[in-house]
Peer 1: 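Structure in structure tokens, see below.
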Amino acid sequence: MAATFPGIPYLEWIVDRVDEATHDLATSDLGSSRRGDDLVPPVLAGRSDPEDATLSGQLAARYGVSESSVLVTAGATNANFLAACALLELASGDDEDEDGGDDSDASRPQVLVEKPGYQPLVATSEALGARVDRFVRPPEYDYELEPHRLDGASTDDFAYAIVTNRHNPSGKLTPRAELAEVASAAADAGGYLLVDEVYAPFVDPAADGPFGGTTASGLDNTVVTGSLTKFYGLGGLRVGWIIGPEEVVERARSASMYLPAVAEPSTKLARRALHHGDEIEAAAREHLSANHDLLATFVADRDELDGRIHAGGTFAFLDHATADGDAVVDAAWDRGVLVVPGRFFDAPESFRISLGGDPEAMETGLEAFGDALDDLDE
């Protein structure tokens, strides 16, 4: 397999727009509008540090696993990259010859990625040399995650399947029992299930899983990734993790030697965040609930918009009655509002809206977005 790293259109598109937008309705990490220039994030300022704890130990306790099943990474993107490296290495085994093997499409490990889906998850596997095929989460079935889709799409070269939970972009939350069925289908096909769980804690009230959300951790042949970016609103720390079988984590750990490690100040602040997790998570759920209500009310009041706001969700994938996703995005941008075109999620007719900032800022942003929708109707 040959690794190549072409640009990722979605990330290239959004990189400067967040700072340029007057109203950011694209960023989904809670507390995004409260970021400042302080070295210590405001939510962590003045809080005490744990006396005797490691970050990997804190995460292991959260997920109920041994520390050998945990790898701390430089964010969720880094976690997904390292997980992909490990899973592709496991899939390749000894099949390649001394000259590097056959790079033909038929010989490469197969990776199945949900559709619609988050573009970087496709790009990462392709960049690492995998053959990426897609399986559908049908919008007409509310983006349900269905095990038989893997059965129909997997080949003899199947390595792993990637899903997001909550589903990005729709916000659909898949229960653990259904994730177990998908994990079983991946195992039957001879591979693993990789679940990006950065949005899994987006539930109110809290559930029984880590960070009060749903997790696939502990299911057979399953690897999960997470971070402190979305729910804790601590994206500046760039702290994420992999939780999975030891054979996967060890290979990911080896691959991590080729990439920058998590900075020590970030590790210390992440330990502080988890030490005060109960208080931070309670505040995050208040924030989550307020923004969910704002988004649900806004969509319910706009007859031209179609799409479901899932319970507890603060982001959604929506359609406009007469305009495609790019037209909605352009009209919004003319009003200083940033939303994301659906073409980056395999659905050009749609757009994604996300409420991560303070409710007051989000309410103002929705008012401006409403004006943009009115412009489309003129």
Peer 1: Could you tell me whether Arg302 and Asp374 make a salt bridge, using a distance below 4.0 angstrom between a side-chain N and a carboxylate O?
Peer 2: yes

Peer 1: Could you measure the distance from the OG1 atom of Thr314 to the CG atom of Leu30? Nearest 0.5 Å is fine.
Peer 2: 5.5 Å

Peer 1: So, using side chain to side chain contact (heavy atoms under 4.5 Å, CB included) as the criterion, who are the partners of Pro50 when residues are at least two apart?
Peer 2: Ala53, Gln58, Arg271, His275

Peer 1: Using the test ring-ring contact (aromatic ring centres under 6.0 Å, His included), find all partners of Tyr143 that sit at least two apart in sequence or belong to another chain.
Peer 2: His167

Peer 1: When the ring planes of Phe202 and Phe231 are compared, do they come out parallel, tilted or perpendicular, using 30° and 60° as the limits?
Peer 2: tilted

Peer 1: Can you tell whether the side chains of Glu140 and Arg308 come within less than 4.0 Å, N to carboxylate O?
Peer 2: no

Peer 1: For the hydrophobic clusters of this structure (ILVMFWY residues joined by side-chain heavy atoms under 4.5 Å, transitively), does one cluster hold both Phe317 and Leu376?
Peer 2: yes

Peer 1: Glu349: which residues meet the side chain to side chain contact (heavy atoms under 4.5 Å, CB included) condition with it, sequence neighbours left out?
Peer 2: Asp319, Ala347

Peer 1: With sequence neighbours left out, write down each residue that passes side chain to side chain contact (heavy atoms under 4.5 Å, CB included) with Leu259, or none if nothing qualifies.
Peer 2: Asn78, Phe81, Leu82

Peer 1: Honestly curious: do Phe345 and Ile353 fall in one hydrophobic cluster under the side-chain, below-4.5 Å linking rule?
Peer 2: yes

Peer 1: Roughly how far, to the nearest 0.5 Å, is OG of Ser354 from CG of Asp29?
Peer 2: 9.5 Å

Peer 1: Would you call Arg272 and Asp49 a salt bridge, taking side-chain N to carboxylate O under 4.0 Å as the test?
Peer 2: yes

Peer 1: Provide the closest heavy-atom pair for Val262 versus Ala74 in the form atom of the first, atom of the second, distance.
Peer 2: CG2-N, 3.5 Å

Peer 1: Using side chain to side chain donor-acceptor pair (under 3.5 Å) as the criterion, list what pairs up with Asp375, not counting sequence neighbours.
Peer 2: Arg335

Peer 1: Describe, in one word, how the ring planes of Phe344 and Tyr10 are oriented to each other, choosing from parallel (under 30°), tilted (30 to 60°) and perpendicular (over 60°).
Peer 2: tilted

Peer 1: Going by distance alone, is a donor N or O of one side chain under 3.5 Å from an acceptor N or O of the other, for Gln110 and Ser154?
Peer 2: no

Peer 1: Can we say Glu144 and Arg137 salt-bridge, meaning some charged N sits less than 4.0 Å from an Asp/Glu carboxylate O?
Peer 2: no

Peer 1: Side chains of Tyr232 and Glu281: any donor to acceptor distance under 3.5 Å?
Peer 2: yes

Peer 1: Say whether Asp196 and Thr164, considering side chains only, have a donor N or O and an acceptor N or O under 3.5 Å apart.
Peer 2: no

Peer 1: Run the side chain to side chain contact (heavy atoms under 4.5 Å, CB included) test against Ala327 and tell me which residues pass, sequence neighbours left out.
Peer 2: Ala323, Asp324

Peer 1: Hydrophobic clustering (ILVMFWY, side-chain heavy atoms < 4.5 Å, transitive) - are Leu173 and Leu194 grouped together?
Peer 2: no

Peer 1: Should the heavy atoms of other residues, nucleotides or ligands under 6.0 Å from CD of Glu12 be counted, would the total exceed 12?
Peer 2: yes

Peer 1: Here's one to test your reading of the geometry: is the NZ or CZ of Arg62 within 45 degrees of the ring axis of Phe211 and under 6.0 Å from its centre?
Peer 2: yes

Peer 1: Show the numbers, then the answer: is there a side chain to side chain contact (heavy atoms under 4.5 Å, CB included) between Leu90 and Arg251?
Peer 2: CA-CA 8 Å; Leu90 283 167; Arg251 283 169 170 80; 3.3 Å; yes

Peer 1: How close do Val203 and Gly212 get, counting heavy atoms only, and between which atoms?
Peer 2: CG2-O, 2.8 Å

Peer 1: So, Arg149 and Glu146, do they make that salt bridge, N to O below 4.0 Å?
Peer 2: yes

Peer 1: Within a radius of less than 6.0 Å around CZ of Phe5, do more than 12 heavy atoms belonging to other residues, nucleotides or ligands occur?
Peer 2: yes

Peer 1: Check this for me, if you would: do Arg131 and Asp133 make a salt bridge, where the nitrogen-to-carboxylate-oxygen distance has to be below 4.0 angstrom?
Peer 2: yes

